[in-house]
Structure formats: C-alpha cells, structure tokens
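Input: a single structure, listed below in structure tokens.
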There are 2 protein chains.
Amino acid sequence: MTTAAHRPATLDDVARVAGVSRSTASRVLAGNGFASPTARARVRTAVDLLGYVPNSAARALVHGSGVRLLIAVAGADPAVLDDPYVDQAVAAVARACTPHGLGVAVQWVPLGAPEWLTRLTDDRGVAGLVLLNTTPALLDLVPRRLAGRAVSIGIGSATVPSVDIDNGGGTTAIVRHLHDTGRRRIAMVTGPRWLACANRSVRAYRTVMHDAGLPTREVVGDFSATRGYAAAREVLRRWPDTDAIVGISDATALGVIGRLRADGIRVPDDVAVTGFDDIPLAATVALTTASHPVRQIITAAATMVLEQRTAPETTVFPSALVVRGSA
Amino acid sequence: MTTAAHRPATLDDVARVAGVSRSTASRVLAGNGFASPTARARVRTAVDLLGYVPNSAARALVHGSGVRLLIAVAGADPAVLDDPYVDQAVAAVARACTPHGLGVAVQWVPLGAPEWLTRLTDDRGVAGLVLLNTTPALLDLVPRRLAGRAVSIGIGSATVPSVDIDNGGGTTAIVRHLHDTGRRRIAMVTGPRWLACANRSVRAYRTVMHDAGLPTREVVGDFSATRGYAAAREVLRRWPDTDAIVGISDATALGVIGRLRADGIRVPDDVAVTGFDDIPLAATVALTTASHPVRQIITAAATMVLEQRTAPETTVFPSALVVRGSA
DNA sequence: CACACACCTGGGAGCGCTACCACCACAATC
DNA sequence: GATTGTGGTGGTAGCGCTCCCAGGTGTGTG
C-alpha cells in the first residue's frame with residue numbers, strides 16, 4: 001500500500017523521505033532533544049506518508065527494557081490459569097499494554113516453588129511484572145532489575161507496591177447487612193487459606209460475628225462455582241439451621257444458589273446468599289454482593305507498571321455493598 | 001544470584017564461560033549447524049550455570065519475526081473487548097504464546113473501518129495474527145507478510161485458515177430437541193447480523209423451523225447477558241405465547257432466564273431456554289446448551305499460528321448437545 | 001571583531017543476537 | 001603429494017533503533 005514490496009518502513013526510510021538524518025528523525029519521534037520546527041514537520045509528514053510504526057523489538061533491544069509484561073499467577077496447580085478472573089486480568093493487562101507496544105505473557109508459579117519466578121524474570125524480554133494471588137515468599141523474589149516495574153494484586157511489600165480491594169470493608173458490610181436483616185446463623189464459603197486477600201475477608205467475617213456474639217461456620221472453597229456448589233451441601237450437612245451463606249466470590253455464590261435451588265431450598269426466604277465482586281451476571285440473577293470495578297483495578301495496576309509510577313505503597317480500592325434479591 | 005550485579009547473562013557470557021565463540025554457542029542453542037559433542041556439552045553447562053535466557057527482542061530483531069501475537073477483534077465499538085469471550089480468547093492465546101517467548105496484544109478493529117488492521121499489522125513487532133469476530137473485508141486485509149502466520153476464528157478465506165465451531169450443527173440439535181420435547185412456538189435471540197458464525201446459527205434455526213412448518217420469531221441480540229435480559233421481554237411482548245427461547249450464547253440465555261424469573265415465568269415449565277457454548281456456569285444453573293471446548297479451540301488456533309502450520313483450510317470443531325434442566 | 005552560548009544536525013557506536021563466510025584440521029580419494 | 005571433501009570453528013556484518021558526541025549554524029554580548 002505504501003512502499004513497493006510493502007516491507008514495513010524503518011526509521012531510515014522516514015529519514016530519507018523527510019530529507020533528514022536518522023538521528024534527527026529519532027529525536028523528533030522521541031520528543032526529546034532539539035529539532036527545528038521544519039525538521040519536525042517534515043518527519044511527521046514522512047511518518048504519515050509511509051505509515052511508519054517503530055519496531056518495538058529494536059527499541060527494546062537498545063533500551064534493554066523488554067518487550068512484554070509478565071503476569072505471574074501463584075497457585076497449587078496450573079489449573080489456576082483456567083479461572084475467569086485470571087482471564088479477565090490477562091485481557092485487561094493486555095489492553096493496557098498494547099498502546100505501549102508491549103505484549104503480555106502469563107505463567108503459573110507453583111505455590112511450593114516460588115523460586116520459579118526467578119527463572120521467569122531472568123528473561124530480559126520481561127519489561128514488567130504483575131503478580132496475581134501473591135504470597136509473601138513471591139514478593140521477596142522480585143529481582144532488583146524489576147524494582148519499579150512490578151506490582152502485586154492483593155498484597156504488597158516494602159519494595160513491591162500493591163493494588164488492592166478493600167476485602168475487609170466489603171465483607172464487613174455484607175455480614176452486617178445479613179445481621180441487620182435478621183440473619184443469625186451465618187456461614188461462609190471461604191477462599192484458599194494461603195491467599196492473603198481471601199483471608200482478609202474471612203477475618204472480617206469472624207470479627208463481625210464475634211462482635212455480635214455469634215459462632216462462625218466456615219467451609220473452605222476456592223472461588224469457583226463448582227466448589228461453591230459442593231460447599232453449599234457441606235454447610236447444610238454440618239449446620240442444617242444455617243440461614244445465610246456468604247460466598248468469597250460471585251462464582252461461589254452462584255454455585256451455592258444452584259445447589260440450594262436444586263435441593264428445593266428457597267433463596268433468600270430460607271437461606272440468604274451473598275457474593276463478592278459484582279460480575280456482570282450478578283445483576284441478572286439478582287445477587288446481593290459487594291461491587292468492585294475489577295477491570296479498572298487491574299488496568300490501574302498495569303498502568304502503574306507501564307508508567308513506572310510504582311511508589312512502594314498500597315492503593316486500596318473501595319468496596320460497595322449492592323443489595324439485590326438474594327439477601 | 002548467578003552473576004555479580006545480576007545483570008541477565010548474554011550469549012557472550014555463555015560463550016566465555018564455555019570457552020567457545022559466540023557463534024558456536026549460538027549454533028548449539030539453535031540446534032542447527034555443526035557443533036562437536038564437547039562444545040555442545042560445555043555450552044549446555046554454561047547456560048545452566050548462568051541461568052541464561054535468550055533475549056527475545058534481539059532474536060526478533062535479527063529474524064525480523066516480531067515479538068507478539070496480535071488479536072484483532074472486529075466490532076461496532078471498543079466495548080466488544082469487554083466480552084468475557086474475548087477475555088478467555090486473549091488469556092488462552094497468551095498461555096499458548098508464553099512458552100515461545102511471545103506476548104499478546106489485543107486491539108479493536110472498527111466494523112466500518114477494517115483498514116485499521118493494516119496499520120496494526122504494519123508494526124514489525126507483530127509476529128502473528130488471530131482474528132476474532134472476523135468479517136470478509138477483514139480477511140482481505142491480512143498482509144502477505146503475515147501469510148501463514150494468521151488464523152481467523154469463525155470464518156476463513158482462500159489465504160487465511162479458520163478454526164471454527166459447528167454452529168449450524170449445534171443449533172440444529174438444540175432446536176430439534178426443543179421440537180422433540182413438544183415446543184412449537186420457539187423464538188431466538190440472535191447475535192449481531194454482520195457476524196458470520198452467529199448467522200450460521202440463525203440459518204440453522206430457520207431451516208429446522210421451516211422444515212417443521214413453523215414460523216420463526218427473531219430478536220437481535222449481541223451475546224451479552226444484559227442484552228438477553230432485555231430481549232426476553234421483547235420476545236414476550238411481540239409473541240406472548242412463546243414456549244421456548246433459543247439464546248445465541250450462554251450469557252444471552254442466562255440473561256433471558258433472569259428476566260423470565262423476575263417476571264414470574266417458570267423455566268422450563270412455561271418457557272424453555274437454551275444457551276450455546278457450555279460455559280462453566282451453565283452446569284450450576286442447569287442450562288441446556290451446546291458444548292464446545294472454547295478454550296481448546298482458541299488454543300488450537302494459537303498453536304497453528306505459532307507453529308506456522310496454517311494450511312489454508314477450515315478446522316471445524318463439533319458441537320455437542322447437553323440437556324440439563326432449562327429445556 | 002572575537003567570543004560565548006544558545007539551537008540544531010549528522011556521524012557513529014553499540015544493544016544481543018543470528019547468519020554467512022572464511023578458515024582449519026583431518027580423512028579419504030585419485 | 002595434490003585434490004576434494006567433511007566436521008568443526010571463529011570472525012564479522014547487520015537487524016532497527018537510541019544515544020552520545022563532534023561539528024555545524026545563527027544570535028547576542030564584551
């Protein structure tokens with residue numbers, strides 16, 4: 001369309017067409033250094049004419065900056081990557097990276113072998129790091145090379161900043177709401193024990209129950225609908241008089257509701273059910289939940305890495321109670 | 001950990017440690033060309049010792065091969081990228097690419113301006129192309145440079161192979177099932193008209209209905225739960241005696257069910273509802289649907305591109321009817 | 001009129017890697 | 001003993017880009 005054999009244009013082509021040197025063209029495009037208005041204009045015109053797009057590989061090579069963001073997901077087994085939450089995170093990070101000429105890669109880091117992270121980050125192609133389902137051990141393994149180019153979702157450290165949901169606040173609001181609407185025998189389907197952000201929710205649940213002088217009822221889950229489905233039955237087997245079930249996630253809650261309905265138990269009349277996150281589906285099934293703009297949170301994390309605005313501090317996004325039909 | 005300032009090792013470092021030249025080291029790692037068993041062994045040892053990982057940017061630069069796969073998603077507006085289906089596709093492609101040292105990028109291509117694709121693919125960083133929600137116009141714009149490195153999902157061309165779901169067969173099975181179970185006033189919430197794969201479903205629906213001597217009832221949807229929610233009401237307003245609604249996707253069906261339940265209409269007693277895809281949630285809400293391993297299909301597409309096994313032909317994945325409670 | 005000090009420009013090195021080529025040893029052939 | 005391999009090796013160019021530095025112009029000051 002533009003050049004003869006449609007070999008993508010290089011900076012040399014641009015310089016030749018603009019009648020300047022490669023250095024000048026580079027300076028104009030970088031926006032730093034000196035360049036006369038004339039030169040600037042001619043380079044701009046040449047860029048448009050040739051449809052020039054910089055070669056990110058060459059740029060990354062000279063900068064030593066890497067060419068993709070790594071999303072490292074800790075978990076017991078590679079199946080964590082099947083989680084729709086991970087899908088959403090990967091897609092959101094990819095969207096944020098694309099305009100910067102960066103790609104994304106995803107890898108699982110086994111819970112028992114956090115040192116795998118080192119091998120992954122030894123790849124110079126890695127320009128930045130997003131940690132998902134982070135554990136403290138993982139945070140310590142983020143190499144110095146990537147300081148200021150790493151962000152964790154869910155738990156941070158002195159060197160690695162984190163972007164976070166106010167799980168505690170959200171869960172507190174949910175459990176209080178259940179209590180306020182007369183529920184007293186409130187159970188919780190939790191997340192995996194090793195996951196900091198899930199534990200914050202569990203602790204909030206315990207605190208509210210304790211303050212109300214009520215005993216806790218916990219079954220360990222894993223965020224999935226499938227597990228929620230199974231956990232619901234376990235809850236009712238152990239504590240048949242349960243009148244409310246708090247799900248660690250919306251998917252968990254949907255699984256719980258599926259099981260309850262299948263067993264002829266009415267929601268919310270017999271048992272109230274709540275979720276966490278407010279995924280799009282939550283509205284259509286009238287799920288009471290806590291709302292967080294997950295996509296925006298992930299995007300914020302990716303942006304921090306991309307713009308290197310990673311002050312070692314924690315950004316906490318608020319949680320908003322959304323009361324619908326299920327509780 | 002390995003080297004002093006933990007500057008990631010280069011091939012030069014490996015060569016020096018192994019006591020061979022950079023060329024020899026390169027040859028050993030590439031696996032082609034000559035290299036004595038001794039040299040081979042020493043290079044291998046040095047690689048392990050230094051934890052050497054090749055710099056993908058440098059490799060891409062010299063090969064001119066690009067450094068990421070582009071996922072181009074056609075749609076009316078950028079909101080198509082919010083679709084969980086796109087999330088899943090991006091994540092699945094990313095997983096397939098990561099071991100190859102490639103990242104992924106996602107971009108929206110406006111329906112009315114397919115030529116945007118040209119600008120995207122002019123970027124030399126683009127190593128391959130996965131087309132989503134493909135239109136014929138888009139297929140013609142895949143540059144020759146990317147021939148054999150592009151794959152389309154849903155509709156192919158003479159030069160671009162496609163990976164596909166048997167939408168026609170799946171929908172035929174679903175509508176026949178509804179007919180077999182006594183439904184006669186069957187409506188469909190379709191996908192966008194411009195989308196080839198959605199149209200295959202619609203045509204199958206029409207054919208079955210026509211063969212049974214029944215009139216069709218169509219409302220245009222867009223795959224989303226939200227739209228399904230609204231479409232359900234539209235269906236019942238226009239044809240109040242409808243006894244079955246075929247959703248173009250599971251999300252659509254879930255939206256439809258949400259609306260029907262909210263209106264006190266029993267599923268499947270009053271109105272049967274079916275979905276398409278069999279997403280994980282479908283099982284927990286007992287949705288009758290057609291099952292396809294979407295993740296595997298996307299992975300297959302990505303693998304075709306990565307291994308350049310893109311013979312210009314169509315691979316069709318079968319569709320399996322899954323009868324659950326909703327129909 | 002010399003000098004300083006802006007502003008602007010092109011030459012050239014080099015990022016880490018692969019590909020090509022020249023070269024060397026040693027064996028087999030005429 | 002000169003020729004042709006054949007396996008193995010190192011030197012070097014160059015992918016497209018950015019940055020540094022030397023060398024220009026022009027305008028203002030002593």
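The shown structure was predicted, so the numbers you read here are calculated from the model rather than taken from an experiment. When reading the values below, keep in mind they use all heavy atoms of this one structure, side chains included, and skip hydrogens, waters and symmetry mates. Proteins get letters first, then strands, A, B, ... in listed order; numbering begins at 1 in each.
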I want to verify a distance call: between [options], whose nearest atom is closest to the [X] side chain?
X: Phe34(A); options: dG10(C), dC8(C), dG16(D); value: dC8(C)
X: Leu61(B); options: dG16(D), dC7(C), dC17(D); value: dG16(D)
X: Leu11(A); options: dC17(C), dG10(D), dT18(D); value: dT18(D)
X: Arg59(B); options: dG8(D), dC17(C), dC17(D); value: dC17(C)
X: Pro37(B); options: dT18(C), dG8(D), dC17(C); value: dG8(D)
X: Thr10(A); options: dC17(C), dG10(D), dG16(D); value: dG16(D)

Euclidean distance, atom [atom1] of residue [X] to atom [atom2] of [N] [Å, nearest integer]:
X: His63(B); N: dG16(D); atom1: NE2; atom2: C1'; result: 16 Å
X: Leu29(A); N: dC17(D); atom1: CG; atom2: P; result: 9 Å
X: Arg42(B); N: dG8(D); atom1: CZ; atom2: C1'; result: 15 Å
X: Leu50(A); N: dG16(D); atom1: CG; atom2: C1'; result: 15 Å
X: Asp122(B); N: dG16(D); atom1: CG; atom2: P; result: 14 Å
X: Arg124(B); N: dC17(D); atom1: CZ; atom2: C1'; result: 12 Å
X: Asn55(B); N: dG16(D); atom1: CG; atom2: P; result: 17 Å

Looking at every strand, decide which applies to [X] at a 4.0 Å heavy-atom threshold: base, sugar-phosphate, or nothing.
X: Ser23(B); answer: base
X: Arg27(A); answer: base
X: Ala60(A); answer: nothing
X: Ala39(A); answer: sugar-phosphate
X: Ala57(A); answer: nothing

Discussion item. Reading DNA chain D from 5' onward, which residue's closest nucleotide shows up sooner: Thr24(B) or Val62(B)?
Written reply: Thr24(B)
Worksheet item: Which heavy atom in Leu11(B) sits nearest to a heavy atom in Tyr52(B), and how many Å separate them?
Response: N-CE1, 3.4 Å
Worksheet entry | Distance-minimising heavy-atom pair for Asn133(A) and Trp194(A) | O-CZ3, 3.3 Å
Item to complete: Start with the C-alpha gap between Asp87(A) and Arg295(B), add the side-chain angles, then the distance that decides, and say whether salt bridge (charged side-chain N to carboxylate O under 4.0 Å, His left out) holds.
Response: CA-CA 11 Å; Asp87(A) 285 354; Arg295(B) 187 159 230 129; 2.6 Å; yes
Worksheet item: Between the side chains of Thr24(B) and Ser21(B), is a donor N or O closer than 3.5 angstrom to an acceptor N or O?
Response: yes
Worksheet item: Does Asp13(A) pair with Arg16(A) as a salt bridge, N-O distance under 4.0 Å?
Response: yes
Worksheet item: Is any side-chain N or O of Arg22(B) closer than 4.0 Å to OP1 or OP2 of dG10(D)?
Response: no
